[in-house]
Student: 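Here you go, one structure.
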Amino acid sequence: MKFIGIIPARYASTRFPGKPLAVLGGKAVIQRVYEQATSVLDEAWVATDDDRIYQAVEAFGGRAVMTRSDHKSGTDRIEEAAEKIGTNADVIINIQGDEPFIQPSQIKTLMQLFDNTDTQIGTLGKKFESMEAAKSSNSPKIVTDLQGFALYFSRSVIPFVRGIEQDEWIKHFPYLKHLGLYAYRREVLREVTQLPQSPLELAESLEQLRWLENGYRIRVGLTDVETVGIDTPEDLQRAEEFIKCF
């Protein structure tokens with residue numbers, strides 16, 4: 001199978017405008033993401049709607065493609081990029097443009113999910129280390145079936161453990177945090193970007209629920225690596241400390 005990575009990168013951001021070009025450890029964030037992706041993948045592209053990002057990627061020797069500015073999600077941007085590139089890849093990996101510490105092992109885990117022909121979409125999960133972390137609505141939870149396919153994603157803590165105080169739930173169930181890394185079979189990516197928003201998606205503000213509601217199967221790979229995303233200037237400062245140990 002042929003895999004390629006596409007990295008959606010917007011300049012506009014409410015909390016941190018221009019973050020793909022923010023400098024982290026002497027390199028732009030987007031360059032660090034690109035280099036991590038290409039340490040595993042033979043081919044990767046940055047999909048952007050901003051000429052400044054496009055030029056920066058070309059300057060460090062990367063591949064970039066311009067996309068529209070009105071996409072509602074990174075998945076939609078990736079589909080447009082895939083069409084423009086004219087790729088013949090079997091699987092397209094969606095690598096977040098604000099995840100400079102994505103690990104090669106995580107990408108490899110995603111790729112291995114497609115050894116199973118039933119996998120239409122792949123993503124990653126990591127066990128929560130504390131109940132306090134699991135309670136955060138900013139960290140979506142995953143519940144899977146016994147074959148590792150997602151049953152549901154939620155911002156709420158699921159499942160409910162009956163008869164136990166909530167602070168003790170994590171001792172009785174392995175709560176799984178969703179990491180926002182996806183891979184799609186080429187034809188599935190084309191299909192899911194044609195779907196209208198679904199009721200569960202609108203309720204939880206989680207795009208992957210649209211796919212589940214329409215019958216697509218999402219296989220979840222497990223990782224023990226925590227990523228450090230950059231959403232705010234404060235996150236960038238913390239990342240500067242993290243990179244010293246990276």
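Values below: every heavy atom of this structure, side chains too, minus hydrogens, waters and symmetry copies.
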Student: Any heavy-atom pair between the side chains of Leu212 and Leu200 that's under 4.5 Å?
Tutor: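 Side-chain contact under 4.5 Å: no.
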Student: Between Trp169 and Tyr175, what is the ring plane arrangement, given parallel below 30°, perpendicular above 60°, and tilted in between?
Tutor: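 Because their plane-to-plane angle is under 30°, the rings of Trp169 and Tyr175 count as parallel.
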Student: Could you go step by step and tell me if Asp167 and Lys135 meet the salt bridge (charged side-chain N to carboxylate O under 4.0 Å, His left out) rule?
Tutor: CA-CA 10 Å; Asp167 288 342; Lys135 290 178 182 178; 2.7 Å; yes
Student: When you measure from the side chain of Gln31 to the backbone of Phe60, do you find a donor-acceptor pair of N or O atoms at a distance under 3.5 Å?
Tutor: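 Not at all, since once roles are kept as given, no pair shorter than 3.5 Å links the two residues.
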Student: Less than 3.5 Å apart, any donor N or O on the side chain of Glu213 or Ser198 sitting next to an acceptor on the other?
Tutor: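 Their side chains do contain a donor-acceptor pair, which is all the 3.5 Å distance test asks for.
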Student: Restricting to non-hydrogen atoms, name the atom on Ile230 and the atom on Ala239 that form the minimum distance, rounded to 0.1 Å.
Tutor: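 Scanning both residues completely, I find the closest heavy atoms to be CD1-CB, 4.1 Å.
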Student: Taking atom NZ as the centre, does Lys2 end up with more than 12 heavy-atom neighbours from other residues, nucleotides or ligands that are less than 6.0 angstrom away?
Tutor: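 Yes, because the 6.0 Å sphere around NZ of Lys2 holds more than 12 heavy atoms from other groups.
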Student: Between Gln106 (side chain) and Gln103 (backbone), is there a donor-acceptor pair under 3.5 Å?
Tutor: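 Answer holds: yes.
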Student: Closer than 3.5 angstrom, by distance alone: can the side chain of Gln96 be matched with the main-chain N or O of Gly180 as a donor-acceptor pair?
Tutor: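 Answer holds: yes.
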Student: NZ of Lys177 to CG of Leu124: how many Å apart, nearest 0.5 Å?
Tutor: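 Here the rounded value is 12.0 Å.
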Student: Applying a strict under-4.5 Å side-chain criterion to I, L, V, M, F, W and Y, I'd like to know whether Val91 and Leu110 cluster together.
Tutor: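 Yes.
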Student: Which value, rounded to the nearest 0.5 Å, describes the distance between Leu151 atom CG and Thr144 atom OG1?
Tutor: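 Reported value, rounded in 0.5 Å steps: 6.5 Å.
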Student: Is the shortest heavy-atom distance from the side chain of His178 to the side chain of Leu206 under 4.5 Å?
Tutor: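 Side chain of His178 against side chain of Leu206, heavy atoms only: no contact under 4.5 Å found.
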Student: Report yes or no: do Ile243 and Val33 belong to one cluster of Ile/Leu/Val/Met/Phe/Trp/Tyr joined by side chain heavy-atom distances under 4.5 Å?
Tutor: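 In one cluster: yes.
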Student: What pair of heavy atoms forms the shortest contact from Leu24 to Arg32, and how long is it?
Tutor: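 That closest heavy-atom pairing would be O-NE, 2.6 Å.
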Student: Within a radius of less than 6.0 Å around CG of Asp42, do more than 12 heavy atoms belonging to other residues, nucleotides or ligands occur?
Tutor: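 Incorrect, the count does not exceed 12.
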Student: Starting from the C-alpha separation in whole Å, work towards a yes-or-no answer on side-chain contact (heavy atoms from CB on, under 4.5 Å) for Asp231 and Lys19.
Tutor: CA-CA 8 Å; Asp231 293 316; Lys19 68 179 174 180; 3.4 Å; yes
Student: Where do Arg68 and Glu80 come nearest, in terms of heavy atoms and distance?
Tutor: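 Closest approach of Arg68 to Glu80, heavy atoms only: N-OE1, 2.9 Å.
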Student: Do Leu236 and Val29 make a side-chain contact, defined as non-hydrogen atoms from C-beta onward lying under 4.5 Å apart?
Tutor: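 Side-chain contact under 4.5 Å: yes.
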Student: Return yes when atom CD of Glu58 has more than 12 non-hydrogen atoms of other residues, nucleotides or ligands closer than 6.0 Å, and no otherwise.
Tutor: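 Yes - once you tally the heavy atoms of other residues, nucleotides and ligands closer than 6.0 Å, there are more than 12.
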Student: A side-chain contact here means heavy atoms from C-beta on lying under 4.5 Å apart; do Tyr216 and Leu195 qualify?
Tutor: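 Yes, their side chains come closer than 4.5 Å.
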Student: Distance check, rounded to the nearest 0.5 Å: Tyr182 atom OH versus Ile121 atom CD1?
Tutor: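 Rounded to the nearest 0.5 Å, the OH-CD1 separation comes to 9.0 Å.
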Student: Can you tell me if Arg63 uses its side chain to pair, donor with acceptor, with the backbone of Trp45 under 3.5 Å?
Tutor: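 Absent.
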Student: List the atom of Arg219, the atom of Asn116, and the distance in Å for their closest heavy-atom pair.
Tutor: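 For Arg219 versus Asn116, the nearest heavy atoms are NH2-ND2, 2.6 Å.
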Student: For Lys84, look at atom NZ and say whether over 12 heavy atoms of other residues, nucleotides or ligands are found less than 6.0 Å away.
Tutor: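 Yes, enclosed.
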Student: Under a 4.0 Å N-O cut-off, is there an ion pair linking Lys72 with Glu207?
Tutor: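 A salt bridge is absent here (no side-chain N lies under 4.0 Å from a carboxylate O).
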Student: What closest approach, in Å, do Val40 and Met111 show between heavy atoms, and which atom pair accounts for it?
Tutor: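 In this case the closest contact between Val40 and Met111 is CG1-SD, 3.9 Å.
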Student: Rounded to the nearest 0.5 Å, what separation is found between the CD1 atom of Ile30 and the CD atom of Glu35?
Tutor: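 So the CD1 of Ile30 and the CD of Glu35 are separated by 11.0 Å.
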Student: Is there a path from Phe114 to Ile92 through hydrophobic residues (I, L, V, M, F, W, Y) whose side chains come within less than 4.5 Å of each other?
Tutor: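 In one cluster: no.
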Student: For atom CD of Glu187, decide whether the heavy atoms of other residues, nucleotides or ligands shown that lie under 6.0 angstrom number more than 12.
Tutor: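 Yes, because the 6.0 Å sphere around CD of Glu187 holds more than 12 heavy atoms from other groups.
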Student: Check step by step if side-chain contact (heavy atoms from CB on, under 4.5 Å) holds for Thr123 and Gln208.
Tutor: CA-CA 10 Å; Thr123 195; Gln208 61 270 32; over 6 Å; no
Student: Treating Ile, Leu, Val, Met, Phe, Trp and Tyr as nodes and any side-chain heavy-atom pair under 4.5 angstrom as an edge, say whether Ile170 and Phe160 lie in one connected cluster.
Tutor: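 Both belong to a single hydrophobic cluster.
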Student: Please step through side-chain contact (heavy atoms from CB on, under 4.5 Å) for the pair Ile158 and Phe153, ending with a clear verdict.
Tutor: CA-CA 9 Å; Ile158 54 172; Phe153 298 81; over 6 Å; no
Student: When Leu181 is tested against each of Thr109, Thr223, Ile102 for side-chain contact (heavy atoms from CB on, under 4.5 Å), which residue passes?
Tutor: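 Result for side-chain contact (heavy atoms from CB on, under 4.5 Å) with Leu181: Ile102.
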Student: List the atom of Ile78, the atom of Pro8, and the distance in Å for their closest heavy-atom pair.
Tutor: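 Scanning both residues, the minimum pair turns out to be CD1-CD, 4.0 Å.
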Student: Taking Thr67 as the fixed residue, which of Arg77, Glu83, Arg10 is the one that meets the side-chain hydrogen bond (donor to acceptor under 3.5 Å, both in side chains) rule?
Tutor: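 Among Arg77, Glu83, Arg10, the one meeting side-chain hydrogen bond (donor to acceptor under 3.5 Å, both in side chains) with Thr67 is Arg77.
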Student: Contact between Arg210 and Asn214 at the side-chain level, heavy atoms closer than 4.5 Å - yes or no?
Tutor: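 Yes. Closest side-chain heavy atoms under 4.5 Å.
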Student: Are any non-hydrogen side-chain atoms of Val157 and Phe173 less than 4.5 angstrom apart?
Tutor: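 Result no, sub-4.5 Å side-chain heavy-atom pair not found.
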Student: Run the numbers on Asp118 and Phe149 for side-chain contact (heavy atoms from CB on, under 4.5 Å), then give the verdict.
Tutor: CA-CA 10 Å; Asp118 290 337; Phe149 286 100; 3.9 Å; yes
Student: Any ion pair linking Glu191 and Arg186 (charged N to carboxylate O, less than 4.0 Å)?
Tutor: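 Looking at Glu191 together with Arg186, the answer is no, because their closest N to O distance does not fall below 4.0 Å.
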Student: Should Leu113 and Ile93 be regarded as members of a common hydrophobic cluster, given that ILVMFWY residues are connected when their side-chain heavy atoms come within less than 4.5 Å of each other, either directly or indirectly?
Tutor: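 Yes, it is one cluster - the side chains of Leu113 and Ile93 are joined through contacts under 4.5 Å.
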Student: I need the Leu21 CG to Asp50 CG distance, nearest 0.5 Å.
Tutor: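 Rounded to the nearest 0.5 Å, the CG-CG separation comes to 7.5 Å.
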Student: Please check if the side chain of Glu240 supplies one atom and the backbone of Gly25 the other of a donor-acceptor pair under 3.5 Å.
Tutor: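 Side chain of Glu240 to backbone of Gly25: a pair is present.
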Student: Determine whether a donor-acceptor pair (N or O, by modelled atom type, separation under 3.5 Å) exists between the side chain of Arg185 and the backbone of Thr119.
Tutor: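 A pair under 3.5 Å: yes.
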Student: If we ignore hydrogens and angles and just use 3.5 Å, is the side chain of Gln120 paired with the main-chain N or O of Arg217 as donor and acceptor?
Tutor: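 Side chain of Gln120 to backbone of Arg217: a pair is present.
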Student: Check whether any side-chain heavy atom of Arg52 sits under 4.5 Å from a side-chain heavy atom of Pro20, and report yes or no.
Tutor: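 In short, these two side chains do not touch, never coming nearer than 4.5 Å.
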Student: Going from CD on Glu79 to OG on Ser73, what distance comes out if it is rounded to the nearest 0.5 angstrom?
Tutor: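 Answer for the CD-OG pair, Glu79 versus Ser73, is 10.5 Å.
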Student: Ignoring hydrogens and angles, state whether a donor on the side chain of Gln237 or Glu241 is under 3.5 Å from an acceptor on the partner side chain.
Tutor: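 Not at all, the side chains of Gln237 and Glu241 share no donor-acceptor pair under 3.5 Å.
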Student: Report yes if the side chains of Val225 and Leu179 come closer than 4.5 Å at any heavy-atom pair, otherwise no.
Tutor: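 No, too far: nothing below the 4.5 Å cut-off.
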Student: Using modelled atom types only, decide if a donor and an acceptor are shared between the side chain of Thr48 and the backbone of Ala9 within a distance under 3.5 Å.
Tutor: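 Side chain of Thr48 to backbone of Ala9: a pair is present.
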Student: Check for a donor-acceptor pair, side chain of Gln36 on one end and backbone N or O of Pro100 on the other, with a separation under 3.5 Å.
Tutor: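 Looks like no, no N/O pair under 3.5 Å.
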